[in-house]
Structures are given as C-alpha cells and as structure tokens.
Amino acid sequence: MDSTGVQGIGEMIRKVRKEKGWRLEDLADEQISIATISNIERGFAHVKPEKTHYLIQKLKIDPARLPRLMMKEQQDLKELEFELKSLQLLRDTGDAALALEHLNRLKLEASHPYAAMFHYLKGKCYLSLRKWKEAEKFFHQAIRFSHHHEHAYSKKSNIKAVSFIELGLCAFFQNDLVQAIRYTDRGWDVYEHDGERSYAWWLLHINKAVYYERLGQLAESMQVIQKAWEGVHQTEKKDIVITFYYLRSEILRRSGVYDEAVTFAIKGLELARLNGHTPLLFDLWTVLGSTYMAKEDWFKAERCFNHALRLKDRLFDDPMVECKIITAFARLGKLYTQQKKWEQAGRVIREAIATGEKYEDAPRLTYALQVMGDYYQVQGRMEEGIPYYERALALARKYNYKKRACSTLIRLPDYWRDTNREELLAYLETIS
DNA sequence: CTCAAACGCTGGGTTGCGAG
DNA sequence: CTCGCAACCCAGCGTTTGAG
C-alpha cells in the first residue's frame with residue numbers, strides 16, 4: 001500500500017466516523033488508542049495495517065465496499081479541487097465577496113487535504129476586502145494546516161511560503177514594514193524550490209525589495225533585486241520580469257542615478273507593452289515621469305504622468321493597484337506646482353489626498369500631504385500649508401517614517417517655535 | 001444599564017517522546 | 001518500528017468585568 005492509499009483510507013474512515021457522529025474517544029478501546037486512530041485518519045505512516053483493518057471493522061465498513069468508497073472519496077476530492085480553483089479565479093478577477101460567500105458555505109475539517117488551500121483562499125478574499133486582521137487569521141490557519149498531507153503529493157504545494165507572503169502584505173497594508181519583512185523572510189525559509197507555485201520565489205524578492213525601498217534602505221533593496229536579476233529572466237511569467245525592471249528603475253531613481261533609471265523604465269515599458277500588462281504600464285510611466293521630473297525635464301515628465309493617469313480607469317478594481325495612483329497624482333501636482341500651474345496642481349493633489357485617505361495608505365498619503373503643504377508654501381500661503389504639514393508629520397511620526405518626518409520638519413519653522421520643543425527634540429533624538 | 005473585551009473552562013483533536 | 005501516555009493546542013462557549 002503506497003502512502004496515497006493510506007491517505008485515502010484515512011479520510012474515508014474519518015468521513016464514515018463523522019457521519020455516524022462518533023468521536024475518536026468513542027472508537028478507542030484496549031486494542032486501539034485515540035492517538036493511533038488520529039494517526040490513521042491523518043494518513044500518518046508507521047501504523048500497522050492490522051490496526052487500520054481493526055478500525056474499519058469497528059466502523060462496520062464492508063471490506064468489499066472499500067474500493068468503491070475509496071473511488072467516491074477520490075472523486076469528491078477532485079470535485080472540491082475544481083470548486084476551489086474556480087473560486088480562486090472568481091477572486092482573482094475581482095469578485096472577492098462572492099468567492100468568500102461560496103467558501104463560507106463549504107465546511108472543511110482541519111485535517112482535510114485541502115484545508116490549507118481553503119484557508120489560504122479565504123485569507124486572500126479577506127485581503128481583497130481589506131479586512132487585514134481576518135485575513136491574517138486565515139493565513140495563520142493555512143500555515144498551521146499546510147504540513148498535513150504534504151507527503152501525499154509528489155510536489156510540495158508551497159502553501160506555507162505563499163501564506164507568509166500574504167501575511168507580509170497584511171503587515172505592509174497596516175503600515176508595519178518591519179513585520180512585513182519578517183514575514184517575508186519566514187516565507188523565504190520555508191520555500192521549496194522544486195515545489196508548486198514557483199512564482200512565489202520571485203514574489204518573495206519583489207516584496208522584500210519593496211519593503212526595504214519603503215523603509216528607505218535602498219542598498220538592501222537593490223541587493224535583493226540584483227541577486228535575482230539573472231535568474232528572473234528564466235521565468236516565463238513576464239509580469240514578474242517587468243516588475244523587476246520597475247523596481248530597479250524606482251530604486252535607481254531614488255538613489256539619484258537618473259539616467260540608468262530611465263533606461264530600465266523604458267526597457268520595462270517595452271516589455272509591458274508587448275505583454276499588454278496595464279497595471280505595470282502604470283507603475284513604469286509613474287517612475288519614468290518621476291525620474292524626468294528629477295532631471296527637470298518637465299515636458300517629458302508631464303507626458304509620462306498623463307500616460308499613467310490615462311490608464312487609471314483600466315486598472316482592475318484592486319486596492320493594491322489602485323492606491324498607486326496616489327503617487328502619480330501627487331507627483332503630477334508637484335510638477336504643476338513647479339510650473340506654477342496652480343489650479344491644475346491643486347486639483348490633482350486634492351485627488352491624491354482623497355485617494356490616500358480612502359485606502360488609508362499612510363506612506364503615500366504622507367507624501368501627498370507634504371506636496372500639498374509645498375503647494376501652499378511656494379505661493380506664499382504658508383498658513384494654509386501648515387495644517388497639511390502637520391498632518392504629514394503626525395502620520396510620519398505615528399508610523400515612524402524617519403526621513404519623511406525630518407523632511408516635513410524642515411519645512412515647518414513655526415512648528416519649532418509654537419509647539420512643545422522638548423517633546424520634539426526628544427523625538428529627533430530617537431530618529432537620529 | 002449596555003455592550004464588548006477579557007477571562008477561563010471544556011471538548012475534541014494533535015503531537016512529542018519514551019517504552020517495549 | 002509501533003503504540004499510547006500525557007502534554008499540548010485551539011475553537012467555541014459562558015461568565016465576569018469594566019468603560020462609556
């Protein structure tokens with residue numbers, strides 16, 4: 001009997017037991033203990049076949065019916081697999097609420113072979129619905145159940161690794177970047193190279209690079225990207241390759257290496273165009289525009305931002321993608337401010353702030369608020385700008401964005417005079 | 001007085017480890 | 001190598017407590 005067979009029997013035994021409403025305790029006797037029954041049902045090897053046969057007897061299962069029951073079990077499993085796959089697709093295409101509704105109708109035991117997958121999917125639905133805490137709960141469950149039944153399949157599912165990736169995202173969306181990196185590292189540790197979901201390996205790199213980049217640790221971020229650069233070109237998943245181009249360009253831009261940033265952004269755009277990947281086109285136009293802005297090439301910069309924002313309506317209804325428009329709006333606002341196009345500037349910055357508030361995206365919102373402050377300051381309307389600076393500062397302090405806090409403070413001369421100096425100096429101590 | 005967070009209990013199940 | 005004890009885990013409850 002191979003391990004798959006043992007597995008199948010275990011599930012069938014559990015099903016029959018549950019149907020009869022029996023607990024493990026009800027089946028245990030001096031011949032067989034609770035622990036052993038549990039081991040048999042979970043398909044755990046190292047149990048003598050005699051014990052399994054004894055259990056089958058005790059459940060009054062006709063041995064002649066065994067093969068048919070097993071077949072039925074397999075078939076049910078196949079059907080469930082299809083159901084889960086279709087619900088995953090439903091979520092991926094933007095209908096998380098409906099997918100969740102269907103998932104909630106299914107009842108899977110913790111020991112079910114698809115329990116990990118099931119909980120992972122539920123987590124992803126909650127993530128799409130921006131219910132971080134709920135999502136976290138289910139990803140932890142998925143991790144807990146992930147080692148069950150792994151041995152039954154030739155390939156490792158890598159559910160554990162992808163769950164850690166998603167937990168990292170949960171932390172990221174709650175503005176806890178340090179925790180996000182911690183989760184990603186754990187995903188890194190448990191990732192199995194010859195398993196399924198090989199895209200997860202690249203996702204681990206991408207996410208880690210993004211988190212470092214957000215923390216302002218550009219060298220670490222670039223290191224992650226560069227170490228995987230050669231390898232990633234082997235994958236047939238073009239969106240991942242394009243994301244690498246985008247990230248490389250973004251890190252170079254933030255490091256002040258503008259010409260190289262432009263080169264990588266344009267290469268990325270070329271790839272994204274060939275593969276028709278709209279969300280990434282948006283990112284690439286934004287980074288390219290920002291780079292041209294830094295190079296003071298206002299004409300090209302405006303072109304890029306407008307290209308980006310023209311894609312706005314074609315972005316999927318996905319909060320992770322949608323909140324990116326905050327940066328594009330804010331940068332365009334900054335551009336218009338520099339060109340003294342006040343009316344246009346005010347409009348796009350307000351839009352940036354509104355979107356930032358909608359998605360509670362603290363880092364991007366902080367930036368947008370700062371841009372709004374600058375907008376008023378350069379017009380000599382400092383008293384109108386101060387509230388925006390103060391909000392930016394409060395957010396930056398709350399989530400400990402050190403650089404952003406400093407750059408906001410520099411713009412706030414009145415703040416030094418009027419508010420609690422000592423508290424502020426103490427704060428500066430902590431970030432220096 | 002209400003309501004929700006915290007607490008503790010319980011049932012059902014899993015797991016580490018040592019004995020045979 | 002197998003098995004089972006006992007410790008452990010965890011979800012689902014009822015109860016307590018404390019803030020508004």
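Chain letters run A, B, ... following the sequence lines, proteins first and then strands; every chain starts at 1.
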Rounded to the Å, how far apart are [X] [atom1] and [N] [atom2]?
{"X": "Asp26(A)", "N": "dG13(B)", "atom1": "CG", "atom2": "P", "answer": "9 Å"}
{"X": "His119(A)", "N": "dA11(C)", "atom1": "NE2", "atom2": "P", "answer": "9 Å"}
{"X": "Glu41(A)", "N": "dT15(B)", "atom1": "CD", "atom2": "P", "answer": "13 Å"}
{"X": "His140(A)", "N": "dC9(C)", "atom1": "NE2", "atom2": "C1'", "answer": "15 Å"}
{"X": "Gln31(A)", "N": "dC3(C)", "atom1": "CD", "atom2": "P", "answer": "12 Å"}
{"X": "Asn39(A)", "N": "dG16(B)", "atom1": "CG", "atom2": "P", "answer": "11 Å"}
{"X": "Ile37(A)", "N": "dC5(C)", "atom1": "CD1", "atom2": "P", "answer": "12 Å"}
{"X": "Glu50(A)", "N": "dC3(C)", "atom1": "CD", "atom2": "C1'", "answer": "13 Å"}

Hey, what's the ring geometry for Trp202(A) with Phe244(A), parallel, tilted or perpendicular (30° and 60° as the breaks)?
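Perpendicular: the ring planes of Trp202(A) and Phe244(A) meet at over 60°.
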Kindly assign one of parallel, tilted or perpendicular to the pair Tyr245(A) and Phe264(A), based on the angle between their ring planes and the thresholds 30° and 60°.
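Correct class here is tilted.
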Salt-bridge criterion met for [X] and [Y] (N-O under 4.0 Å):
{"X": "Lys334(A)", "Y": "Asp374(A)", "result": "no"}
{"X": "Glu213(A)", "Y": "Lys208(A)", "result": "no"}
{"X": "Lys160(A)", "Y": "Glu192(A)", "result": "no"}
{"X": "Asp92(A)", "Y": "Lys124(A)", "result": "no"}

Look at the side-chain N and O atoms of Thr36(A) and state whether any lies under 4.0 Å from the OP1 or OP2 oxygen of dG4(C).
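So the side chain of Thr36(A) is within the cut-off, an N or O lying under 4.0 Å from OP1 or OP2 of dG4(C).
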Go through dT15(B), dG13(B), dC3(C) for me and flag the one nearest to the Lys51(A) side chain.
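Per side-chain heavy atoms of Lys51(A), the pick is dC3(C).
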Heteroatom pairs (N/O) under 3.5 angstrom, protein to nucleotides 10-12 of chain B:
residue : atom : partner  : partner atom : Å
dG12(B) : OP2  : Arg23(A) : NH1          : 2.5

